[in-house]
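Per chain, numbering begins at 1; letters A, B, ... match sequence-line order.
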There are 2 protein chains.
Amino acid sequence: MTPPRPLRADAARNRALLLAAAADEFAEHGVEASVADIARRAGVGKGTVFRHFPTKDDLIAAIVLDRVEALGRLGERLLSAKDPGAALLEFLTEAAHQRQQRDLSFLQESGDALPAVVEARTRMFATIHALVDRAREHGALRDDVTGTDVILLMCAPNHVTGYVPDASPDLWQRYLAIIFDGLRPEGAHALPQPPPAL
Amino acid sequence: MTPPRPLRADAARNRALLLAAAADEFAEHGVEASVADIARRAGVGKGTVFRHFPTKDDLIAAIVLDRVEALGRLGERLLSAKDPGAALLEFLTEAAHQRQQRDLSFLQESGDALPAVVEARTRMFATIHALVDRAREHGALRDDVTGTDVILLMCAPNHVTGYVPDASPDLWQRYLAIIFDGLRPEGAHALPQPPPAL
DNA sequence: CGATAAGCGGACCGGGCGGTCAACTTGTTA
DNA sequence: TAACAAGTTGACCGCCCGGTCCGCTTATCG
């Protein structure tokens, strides 16, 4: 098919520099960080960015793909943990701990760019559903909560802390704990709306 | 001081049209909706927008001010409700029910534009703190949760449902219910981080 | 009415964005 | 080391945005 020649040494280095710089820049300014700023941060010219990633969306997709795949692998590993409730909490903790995201929204926004992203996301979603089902059957989760609910609530802790100007970098843990308490069976009140589909 | 002459009839009408169009446009496309689109939607020229609101931020601020003041009034009314827990839930419900916002983020973002916004927001925040204190003392809220926590979590239901493409317009109720369950004293687990200040 | 100023509109401006390109530099390979 | 392809670069392009401005329209009031 396509025997993909290895990258030249400098090109490979620049590509790595760019991915790191882009991740930092997106973390600081959100997705609207400019390509020029990313290039400057990486110490390369703007043209180099577009040589490695045809469009800005491709650059975003590359980062998102990396994150989603890592989370997906973690989730699959946690599927065989002893305590399903703790496993789900650990998954959510690790998901939020990727502090590099203002929030995970670009996961949705420019995901359709690369089919690989869509596929990885689908896999990760399926894993989350499995984690949630296990936790629910184990009695660690309320009965009326679905995997989709957890997926949606996943990014809330990060989003919420974004409003605090000089927040501690670990503040999200507080809100993850509150939300997770809301997912527990103890003291749960009936939910007023049916769960959505994705 | 400044005897503010009443607006001309057409000007007053256009101003109202603009506010409505802007609210709709912001609801659909977020704060990044363009002024030109807002003007088109209102059926006026772009110059008219800037005649009524010197900058785009002033337009946003006008809408935000209106919302915040309404919420503040509601909160003060609810301060004398019989059931403090139900009162807080009703406040949060009404806050989220202003479906017109993608999320309430511009409440933070361009709030400093008008001092009136800052003042109204401060008042509303104080009212929320009072509502929360009352609910906590009444045993409807866990001990370790503060007014600031509630303020931060307030917009999470709206934000979360933003990820669902064809969500029911009432879906936010589901996530408000989950989060509110997390704020209840029953089955609460200790929080890992101290509350932030605002 | 008719005069006046308040209000209106849209061409226009400067700036920043994503993306292109052709001239130049450099890693690689025989 | 010579020669070539791979990679780099920053000036440049078109686009869209917020905001300005001035000639025109129209509500208001004596």
Side-chain angles (χ1 to χ4, degrees), chain A residues 2-26 28-64 102 106 109-114, chain B residues 2-26 28-64 102 106 109-114:
Chain A
T2 340
R5 291 247 229 101
L7 280 182
R8 232 170 66 174
D10 55 344
R13 198 195 57 229
N14 279 342
R15 193 189 150 93
L17 283 174
L18 269 173
L19 282 172
D24 288 349
E25 205 71 18
F26 288 146
E28 280 180 26
H29 305 111
V31 212
E32 55 267 11
S34 81
V35 174
D37 283 347
I38 293 171
R40 200 173 308 122
R41 187 165 193 145
V44 304
K46 199 170 62 150
T48 304
V49 181
F50 289 102
R51 157 158 282 262
H52 288 280
F53 308 97
T55 72
K56 187 185 179 183
D57 274 352
D58 287 307
L59 172 55
I60 297 173
I63 294 177
V64 169
R102 309 212 102 204
F106 37 98
E109 282 165 21
S110 46
D112 304 358
L114 259 64
Chain B
T2 339
R5 289 245 229 101
L7 280 181
R8 233 169 68 173
D10 55 347
R13 197 195 58 230
N14 279 341
R15 193 190 150 92
L17 282 174
L18 270 173
L19 282 172
D24 289 349
E25 205 72 16
F26 288 146
E28 279 180 26
H29 305 110
V31 212
E32 54 267 9
S34 82
V35 174
D37 283 347
I38 293 171
R40 200 171 311 124
R41 187 166 192 144
V44 304
K46 199 168 63 151
T48 304
V49 182
F50 289 102
R51 157 158 284 263
H52 287 280
F53 309 96
T55 71
K56 186 185 179 183
D57 275 352
D58 287 306
L59 172 56
I60 297 173
I63 294 177
V64 169
R102 307 213 101 204
F106 38 97
E109 281 165 21
S110 46
D112 304 359
L114 261 63

| Of residues 41-56 of chain B, the positions that come close to DNA chain D - non-hydrogen atoms, cut-off under 4.0 Å | B:Lys46, B:Phe50, B:Thr55, B:Lys56
| field | Rounded distance (nearest 0.5 Å) linking atom CG of B:Leu59 with atom NE2 of B:His52 | value | 11.0 Å
| When we call it a touch if two heavy atoms are under 4.0 Å apart, what does A:Ala33 touch: a base, just sugar-phosphate, or nothing? | sugar-phosphate
| task | State, to 0.1 Å, how close A:Lys56 and A:Ala33 come at their nearest heavy-atom pair, and which atoms those are. | result | NZ-O, 2.8 Å
| Distance, nearest 0.5 Å, that separates CD of B:Glu32 from CD of B:Glu25 | 11.0 Å
| What string of B, S and - do you get for nucleotides 25-30 of chain C 5' to 3' if you count protein non-hydrogen atoms under 4.0 Å? | -BSS--
| query | Side chains of B:Phe53 and B:Ile63: closer than 4.5 Å at any heavy-atom pair? | reply | no
| Integer-rounded Å distance: D:dC17 C1' and B:Asp57 CG | 14 Å
| said: Which residues in residues 14-22 of chain B have a heavy atom closer than 4.0 Å to any atom of DNA chain D? | reply: none
| remark: CG (B:Asp24) and NE2 (B:His29) are apart, to the nearest 0.5 Å, by 11.0 Å
| task | Go through the steps for B:Phe26 and B:Ile38 under the test side-chain contact (heavy atoms from CB on, under 4.5 Å), then give the verdict. | result | CA-CA 9 Å; B:Phe26 288 146; B:Ile38 293 171; 3.9 Å; yes
| Salt bridge between B:Arg40 and B:Asp37, side-chain N to carboxylate O under 4.0 Å? | yes
| Gap between atoms CG and P, on A:Leu59 and C:dC17 respectively (whole Å) | 15 Å
| message | Distance check, rounded to the nearest 0.5 Å: B:Arg8 atom CZ versus B:Arg15 atom CZ? | response | 16.0 Å
| Among B:Thr55, B:Asp58, B:Leu18, which one satisfies side-chain contact (heavy atoms from CB on, under 4.5 Å) with B:Val49? | B:Leu18
| message | Nearest whole Å is fine: how far is C:dG16 P from A:His29 NE2? | response | 15 Å
